[in-house]
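Taking it in order: structure first as structure tokens, then the write-up.
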Amino acid sequence: MPQIEIKSLNAYYDKLHVLKDVDVKVEKGEIISLIGPSGSGKSSLLKMLVGLLVPKSGEVKINNETINYENKKDLRVVREKIGIVFQQYNLFQNMNVLKNVCIAPTKIQKRDPKQAEEQAVELLEKVGLKDKLKSYPDELSGGQQQRVAIARALCLNPQILLLDEVTSALDPELVQEVLDSIRLLASEGMTMLIVSHEMSFVKEVSSKVIFMDNGSIIEVNDPKLIFESPKEKRTSDFVSKILRDK
Ligand SMILES: Nc1ncnc2c1ncn2[C@@H]1O[C@H](COP(=O)(O)OP(=O)(O)O)[C@@H](O)[C@H]1O
Ligand SMILES: [Mg+2]
């Protein structure tokens, strides 16, 4: 049973048809990367999954249960099962690192503060920030802040993690430390949907790569095949352009 199943999904921003008959299946532990030109709908697909863009037609199933995005209870289920991290990490500037990670588990999930804190410390250790627990966001580099944001998402115990260009705002020398944290999660079997421009990383970690253009999925393929021998001309045009620009 797939962990996420999206079938014939269509979504709009007013008149703009942003997701066109999209079908995606994600099995437990799979890492699926979304690539494609700017504006092709990659972020919209992730936003739709967490209820930030309500589909017009089609179906989303999570663990075989159909999600009604207009139903508050279903939205809560979705937000509990799926974590999302964006390019902009949006930490609370007035809270230290530990508090940033613990706040949602204690206030929203109503978990025992001590237990949430223990987990937060563990997660911050995992992303290499053990010595920054009491630091404030403005005392951290972008790469460190983004790793806090990843720990914050993980502290809600999601089954699936969505990462939308999490390294795009970082200085080049800070990209690898964030990718290393994602590699670690991958090795632990976390199910992930990743939007990234780091093509060598995408090739290395993905079980499948989806190429999107203009709201449609054009090709789904093994990472090696999609970069080395894509089936569709639009994929090869995009891939050769992006590899040339590197
Ligand atoms: N909140 C929004 N309101 C209206 N149009 C949007 C909004 N967000 C994105 N779009 C449009 O939807 C299309 C897909 O955007 P997006 O999903 O952000 O693409 P990508 O992540 O692949 O760059 C683009 O044409 C973009 O301008
Ligand atoms: Mg985007």
Side-chain angles (χ1 to χ4, degrees), residues 4 6-26 31-60 67 69-70 75 78-79 82-90 142-143 145-146 149-150 153 158 160-172 174-175 178-179 182 192-203 205-206 208-221 223 226-227 230 232-246:
I4 305 179
I6 303 172
K7 278 194 209 157
S8 311
L9 191 124
N10 289 280
Y12 295 77
Y13 295 111
D14 286 323
K15 291 201 177 80
L16 178 70
H17 194 178
V18 67
L19 296 174
K20 299 174 183 162
D21 274 323
V22 165
D23 292 294
V24 179
K25 256 189 211 168
V26 188
I31 296 173
I32 298 196
S33 294
L34 300 169
I35 62 170
S38 174
S40 56
K42 306 179 297 296
S43 296
S44 298
L45 182 55
L46 300 190
K47 283 184 185 159
M48 182 282 296
L49 277 172
V50 293
L52 298 172
L53 166 65
V54 176
K56 180 92 184 285
S57 66
E59 189 177 34
V60 175
I67 303 296
Y69 283 97
E70 275 152 320
L75 271 182
V78 162
R79 298 211 169 126
I82 308 182
I84 186 162
V85 183
F86 298 101
Q87 178 175 338
Q88 298 306 338
Y89 9 93
N90 292 326
Q145 292 191 57
Q146 191 56 288
I150 291 171
I160 302 151
L161 189 62
L162 313 181
L163 301 171
D164 192 356
E165 296 201 32
V166 295
T167 61
S168 296
L170 302 177
D171 291 331
L174 303 178
V175 168
V178 174
L179 296 184
I182 303 171
M192 290 191 269
L193 267 172
I194 301 179
V195 177
S196 175
H197 295 299
E198 299 292 329
M199 291 301 154
S200 56
F201 177 72
V202 164
K203 199 167 161 184
V205 300
S206 311
K208 265 191 295 191
V209 178
I210 292 175
F211 171 68
M212 286 185 78
D213 195 12
N214 197 19
S216 300
I217 292 182
I218 307 298
E219 179 166 353
V220 183
N221 218 329
I226 211 153
F227 290 110
E232 302 293 332
K233 177 161 187 318
R234 270 199 272 180
T235 318
S236 65
D237 287 349
F238 175 77
V239 167
S240 56
K241 181 171 186 313
I242 210 154
L243 296 178
R244 194 173 58 229
D245 293 346
K246 272 268 154 193

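These numbers come from a predicted model, not from an experiment. As the structure lists them, so they are numbered: ligands from 1, and atoms in each ligand from 1.
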Flag, side chain of Lys20 to backbone of Asn214, donor-acceptor distance under 3.5 Å: yes
Heavy-atom donor-acceptor pair, Glu219 side chain to Glu232 backbone, under 3.5 Å: yes
Neighbouring residues of ligand 1, heavy-atom cut-off under 4.0 Å: Tyr13, Leu16, Val18, Pro37, Ser38, Gly39, Ser40, Gly41, Lys42, Ser43, Ser44
Nearest heavy atoms of Val24 and Ile217, plus distance in Å: CG2-CD1, 3.5 Å
Is the closest side-chain donor-acceptor distance between [X] and [Y] under 3.5 Å?
X	Y	result
Asp21	Ser8	no
Ser40	Asp213	no
Glu165	Ser168	yes
Asn90	Gln88	no

N-O pairing of Lys233 and Asp237 below 4.0 Å: yes
Near the Mg ion (ligand 2) (under 2.8 Å) - protein N, O or S atoms: Ser43 OG
Heavy atoms of other groups near Lys25 NZ, more than 12 under 6.0 Å: no
